[in-house]
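Below is one structure; the comments refer to it alone.
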2 protein chains.
Amino acid sequence: MLLRDGRGLKHVVVREYVRELVAGSAPGSPAPSERELVTQFGVARMTVRQALDALVAEGLLERIPGRGTFVARPRREPTRITGFTEEMSRRGLLAESQTLVARREQAGPGVARALNLTEGDAVIHWRRLRRGDAVPVCLEDNYLNEILLPGFLQSGMPTSLYDALSARGLRPTWAEDSISADVATAEEADLLEIEPATVVLRHSRRGMVGDKIVNVSRSVYRADRFTLWLQLGDDAD
Amino acid sequence: MLLRDGRGLKHVVVREYVRELVAGSAPGSPAPSERELVTQFGVARMTVRQALDALVAEGLLERIPGRGTFVARPRREPTRITGFTEEMSRRGLLAESQTLVARREQAGPGVARALNLTEGDAVIHWRRLRRGDAVPVCLEDNYLNEILLPGFLQSGMPTSLYDALSARGLRPTWAEDSISADVATAEEADLLEIEPATVVLRHSRRGMVGDKIVNVSRSVYRADRFTLWLQLGDDAD
DNA sequence: TAGTGGTCTAGACCACGAA
DNA sequence: TCGTGGTCTAGACCACTAA
């Protein structure tokens with residue numbers, strides 16, 4: 001079903017027409033009325049409603065009974081699942097990255113459990129020292145399920161892990177995170193250019209898309225250089 | 001419009017009938033077919049579709065063209081915005097709370113900005129020492145916009161702030177959080193029963209419902225007793 | 001082939017908002 | 001009063017799945 005090109009479906013035609021029509025309009029601007037669209041496209045009103053229903057559901061439009069249909073104010077969006085590169089650029093800092101380890105390894109017990117693999121299964125281990133505006137900010141270990149990412153190590157390491165995962169349709173849309181405060185080990189302190197036993201923020205993440213567990217990351221941040229910002233919830237009042 | 005009791009609307013009748021019918025069914029169980037419901041309720045098929053559309057949108061049902069309509073597997077849900085009490089009970093710990101301060105104050109510059117008030121405006125300041133299974137875990141300062149919560153201090157302090165806000169229709173559905181690692185001040189260390197300058201996790205939150213900023217909290221957690229757990233994203237693959 | 005959901009029509013009446 | 005969105009009808013044809 002639905003092998004016809006989307007442009008052939010009338011409700012899709014109307015939907016995309018309205019979407020482009022209101023693109024860039026200020027919140028509160030009126031959209032065409034349903035009966036206007038009926039005459040304009042020569043379709044039934046139910047078809048127009050189906051088109052508008054979709055735009056209302058995605059938060060672009062808002063219906064007010066007795067008044068009309070209007071451009072909705074943009075919804076607030078919860079924090080997306082991003083990596084260091086995007087996070088730094090959001091803060092207006094230049095993200096740099098130095099790969100310390102990039103190799104195939106056998107999963108240890110913790111990584112195996114987190115990736116839902118068996119101990120000893122092959123995983124990709126990628127360790128990077130992350131800088132923001134040239135200052136060491138974060139030491140990040142990523143473990144990837146090699147079965148999901150054949151040839152990943154051979155294809156040359158990308159700048160942004162999440163961009164590389166996106167290209168393979170494996171960008172996590174869901175994550176389980178844990179965040180704690182701790183002190184740096186000697187090795188961490190050395191790489192982050194801080195004194196041993198200095199306060200750090202630890203952040204572990206399990207990234208998933210659908211039912212697939214894509215990666216596990218363990219990051220340690222300099223507490224004097226990094227605060228985690230989050231937006232939670234949704235605007236469904 | 002819609003002053004008729006919801007039970008009078010046919011698509012609502014059908015929707016709630018189906019909702020109760022499939023309540024408790026295993027994911028993958030078949031729901032009644034659209035045409036079955038048409039004959040059963042004596043309504044048009046568009047009406048049945050409207051009813052089922054709502055259940056599909058909320059993730060209860062799933063349509064598979066050519067096969068039928070089925071109970072969907074429950075969606076994963078991002079971490080809700082909760083407070084200490086719910087968080088502890090989720091971990092199977094007994095949450096206790098000792099109020100140290102509960103009074104009306106004038107907002108300082110930081111609190112005023114966070115609550116979008118003017119410096120010197122009245123705010124409710126509520127400071128509590130929070131214990132999990134009798135061990136001090138967290139010192140929490142809450143600042144509430146008094147205009148939104150008239151008589152809050154007089155009504156007796158509740159166990160759970162979020163429960164009390166729910167009762168007034170002011171439970172935050174949206175929050176902006178910041179999380180950092182730090183060391184305890186002398187006062188914090190004393191109350192949390194740790195050594196001064198011990199590592200702690202700081203968590204600030206601005207809680208909102210709609211456009212209203214309800215509260216600002218600043219919590220300091222013993223790092224040896226608390227790790228923050230989060231689930232981010234949604235299951236819209 | 002029979003049954004399913006997806007799309008679509010050409011109407012209708014209702015409650016509400018604004019003029 | 002007129003225009004709006006909300007609800008509802010009684011059909012229709014299509015593409016797909018499963019027997």
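Numbers restart at 1 for each chain; the letters A, B, ... are given by sequence-line order, proteins then strands.
Looking only at distances, a side-chain donor or acceptor of A/R171 sits under 3.5 Å from a matching main-chain atom of A/I81. No side-chain donor-acceptor contact under 3.5 Å links B/T173 to the backbone of B/V209. Checking side-chain atoms of B/T118 against main-chain N and O of B/D121 turns up no donor-acceptor pair under 3.5 Å.
In this structure, the nucleotide among D/dC13, D/dG5, D/dT17 sitting nearest to the side chain of A/P65 is D/dG5. Looking at the side chain of A/A44, the nearest of the listed nucleotides C/dA10, D/dT7, C/dG6 is C/dA10. If you check D/dG5, C/dG5, D/dT7 against the side chain of B/L9, the one that comes closest is D/dT7. For B/R45, counting side-chain heavy atoms from C-beta on, the closest listed nucleotide (D/dT7, C/dG6, D/dC8) is C/dG6.
With DNA chain C read from its 5' end, the first of the two nearest nucleotides for A/G66 and A/Q50 is the one closest to A/Q50. Between B/L52 and A/M46, the residue anchored nearer the 5' end of DNA chain C, judged by the nucleotide with its closest heavy atom, is B/L52.
Remark: B/T47 is not in phosphate contact with D/dT7, judged by side-chain N or O atoms under 4.0 Å from OP1 or OP2. B/S33 has a side-chain polar atom (N or O) that falls below the 4.0 Å cut-off from OP1 or OP2 of C/dT4. In this model, the phosphate group of D/dG5 is not approached by any side-chain N or O of A/R49 to a distance below 4.0 Å at OP1 or OP2.
A donor-acceptor contact closer than 3.5 angstrom is absent between the side chains of B/W229 and B/T79.
D/dG6 atom P lies 10 Å from atom CD1 of A/I64, rounded to whole Å. Taking atom CZ of residue B/F41 and atom P of nucleotide D/dT9, one finds them 12 Å apart after rounding to whole Å. Separating the CD atom of B/E36 from the C1' atom of C/dA2 is a distance of 14 Å, rounded to the nearest angstrom. In this entry the distance linking NZ of A/K10 with P of D/dC14 reads 13 Å, nearest Å. For the pair B/E34 CD and C/dG5 P, the interatomic distance rounds to 5 Å; values are reported in whole Å. When the P atom of C/dC8 is taken as reference, atom CG of B/D53 falls 14 Å away, rounded to whole Å. Between B/L37 atom CG and D/dT9 atom P there is a gap of 13 Å when expressed in whole angstrom units. A straight line from CZ of A/R67 to P of D/dG6 spans 13 Å, rounded to a whole angstrom.
Note that the CZ atom of A/R91 and the CZ atom of A/F226 stand 4.5 Å from one another [nearest 0.5 Å]. Taking CD from B/Q50 and NZ from B/K10, the interatomic distance works out to 12.0 Å, rounded to the nearest 0.5 Å.
Within 6.0 Å of CZ on B/R113 lie no more than 12 heavy atoms contributed by other residues, nucleotides or ligands.
No hydrogens or angles were tested; on distance alone, a donor-acceptor pair under 3.5 Å links the side chain of A/R35 to the base of D/dG5.
For the segment residues 20-31 of chain B, no residue has any heavy atom less than 4.0 angstrom from an atom of DNA chain C.
Looking at B/M88 and B/C138, their side chains never come closer than 4.5 Å, going by heavy atoms from C-beta outward.
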